[in-house]
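In this text, all values refer to a predicted model and were calculated from it rather than measured experimentally.
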Amino acid sequence: GHIAEVRKRIPGVKVIVHPECPEETVDAADYSGSTNKILDIVRAAEPGTKWAIGTEINMVHRLAMELGPKENKHIEVLNPNVCICSTMYRNHPAHVAWVLDNLLEGKIINQITVKEKTKALAKEALARMLDLSK
């Protein structure tokens, strides 16, 4: 529904989403890809193009600030209800530095362990995502 709405509202808009979106969303979009692929496609697009991006809102805002004024690109988040990734907000540079400092001292902070089957499935999922990003 978001894609149909944005196409009606913004003629000529291109829609790009993450491949892990629901299949019907990926099928309705013009492009799908990893975060890096989204960045590469939008950055490489002709000046003056219009984009609706289905990913985390802060990335979309940063991209709009980077390319909007410089290349006259219209960039907005696809989901008007805001797509916030709460997990990303937990990854703060100060926390990463704290963990790395502790590792240097031989201390393991917040170690996560998973079952072997989960590891294998996660590795397969990551490999597929990396293949899709090419």
Side-chain angles (χ1 to χ4, degrees):
H2 294 138
I3 293 175
E5 185 281 325
V6 78
R7 289 194 194 283
K8 193 182 306 178
R9 187 170 48 82
I10 306 172
V13 70
K14 296 292 184 191
V15 177
I16 188 165
V17 300
H18 276 289
E20 62 265 22
C21 287
E23 186 176 1
E24 62 272 13
T25 303
V26 174
D27 290 344
D30 297 295
Y31 306 93
S32 68
S34 66
T35 299
N36 279 336
K37 186 170 182 180
I38 290 172
L39 293 170
D40 291 345
I41 288 172
V42 176
R43 284 180 176 142
E46 291 293 318
T49 52
K50 302 168 190 170
W51 294 89
I53 305 173
T55 192
E56 200 272 330
I57 191 168
N58 287 308
M59 187 193 99
V60 177
H61 284 174
R62 286 191 306 272
L63 198 56
M65 289 188 312
E66 173 192 335
L67 300 175
K70 181 170 69 173
E71 298 187 14
N72 191 33
K73 290 180 184 175
H74 173 88
I75 298 170
E76 65 177 63
V77 69
L78 177 62
N79 183 343
N81 298 318
V82 183
C83 179
I84 295 177
C85 181
S86 60
T87 305
M88 288 182 70
Y89 284 100
R90 295 180 194 152
N91 297 320
H92 188 276
H95 295 137
V96 174
W98 172 69
V99 170
L100 292 173
D101 287 343
N102 276 280
L103 285 173
L104 286 172
E105 295 173 14
K107 299 177 197 168
I108 298 175
I109 304 295
N110 297 330
Q111 183 174 9
I112 298 170
T113 57
V114 294
K115 296 177 184 170
E116 288 302 317
K117 181 173 172 96
T118 303
K119 284 182 194 178
L121 292 171
K123 188 174 182 180
E124 181 180 337
L126 287 170
R128 286 180 180 172
M129 282 189 269
L130 290 170
D131 286 344
L132 285 171
S133 72
K134 295 178 183 174

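- A donor-acceptor contact shorter than 3.5 Å links the side chain of Asp30 to the backbone of Val15.
- The hydrophobic clustering, which links ILVMFWY residues whose side-chain heavy atoms are closer than 4.5 Å, places Leu132 and Leu130 apart.
- Cluster annotation: Leu104 is not connected to Val96 through the hydrophobic network of ILVMFWY side chains, with a link wherever side-chain heavy atoms come within less than 4.5 Å.
- Of the inter-residue distances, the one linking Lys14 atom NZ with Ile53 atom CD1 reads 13.5 Å to the nearest 0.5 angstrom.
- In the hydrophobic clustering of this structure, Ile38 does not group with Leu78; members are Ile, Leu, Val, Met, Phe, Trp, Tyr whose side-chain heavy atoms approach within less than 4.5 Å, directly or through other members.
- Note that CG of Asp40 is 9.0 Å distant from CD1 of Ile16, once rounded to the nearest 0.5 Å.
- Here the straight-line distance linking atom CD1 of Ile109 with atom CG of Leu100 works out to 11.0 Å at 0.5 Å rounding.
- The line from OG1 of Thr118 to NZ of Lys115 is 6.5 Å long, rounded to the nearest 0.5 Å.
- Using a 4.5 Å cut-off on side-chain heavy atoms (C-beta onward), Thr55 and Val17 make no contact.
- The side-chain heavy atoms of Asn72 and Pro47, taken from C-beta on, include no pair separated by under 4.5 Å.
- Considering all non-hydrogen atoms of both residues, Ala64 and Pro69 come closest at O-CD, 3.6 Å.
- The side-chain heavy atoms of Leu67 and Ile75, taken from C-beta on, include a pair separated by under 4.5 Å.
- Under the side-chain contact (heavy atoms from CB on, under 4.5 Å) rule, Leu39 has a single partner from Val42, Ile41, Asn36, which is Asn36.
- When all heavy atoms of Ile3 and Ala29 are compared, the pair lying nearest together is CD1-N, 3.9 Å.
- In summary, Arg43 and Glu66 engage in a salt bridge, as defined by a charged side-chain N under 4.0 Å from a carboxylate O.
- Rounding to the nearest 0.5 Å places CD of Glu105 at 7.0 Å from CG of Asp101.
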Review point. Yes or no on side-chain contact (heavy atoms from CB on, under 4.5 Å) for Thr49 and His74, after CA distance, side-chain angles and deciding distance?
Key: CA-CA 6 Å; Thr49 52; His74 173 88; over 6 Å; no
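- The backbone N or O of Lys73 sits nowhere less than 3.5 Å from a side-chain atom of Glu71 that would complete a donor-acceptor pair.
- Nearest heavy atoms, Ser34 versus Pro19: N-CD, 4.1 Å.
- Residue Glu23 places its CD atom among 12 or fewer non-hydrogen atoms of other residues, nucleotides or ligands, all under 6.0 Å distant.
- Checked options His2, Arg9, Arg7, Lys8; the residue passing with Glu5 is Arg9 (criterion: side chain to side chain donor-acceptor pair (under 3.5 Å)).
- Two residues are said to be in side-chain contact when any heavy atoms from C-beta on lie closer than 4.5 Å; Val26 and Tyr31 fail this criterion.
- For Asp131, the CG atom counts as densely surrounded, since its 6.0 Å shell holds more than 12 non-hydrogen atoms of other residues, nucleotides or ligands.
- Rounding to the nearest 0.5 Å places CH2 of Trp51 at 12.5 Å from CD1 of Ile10.
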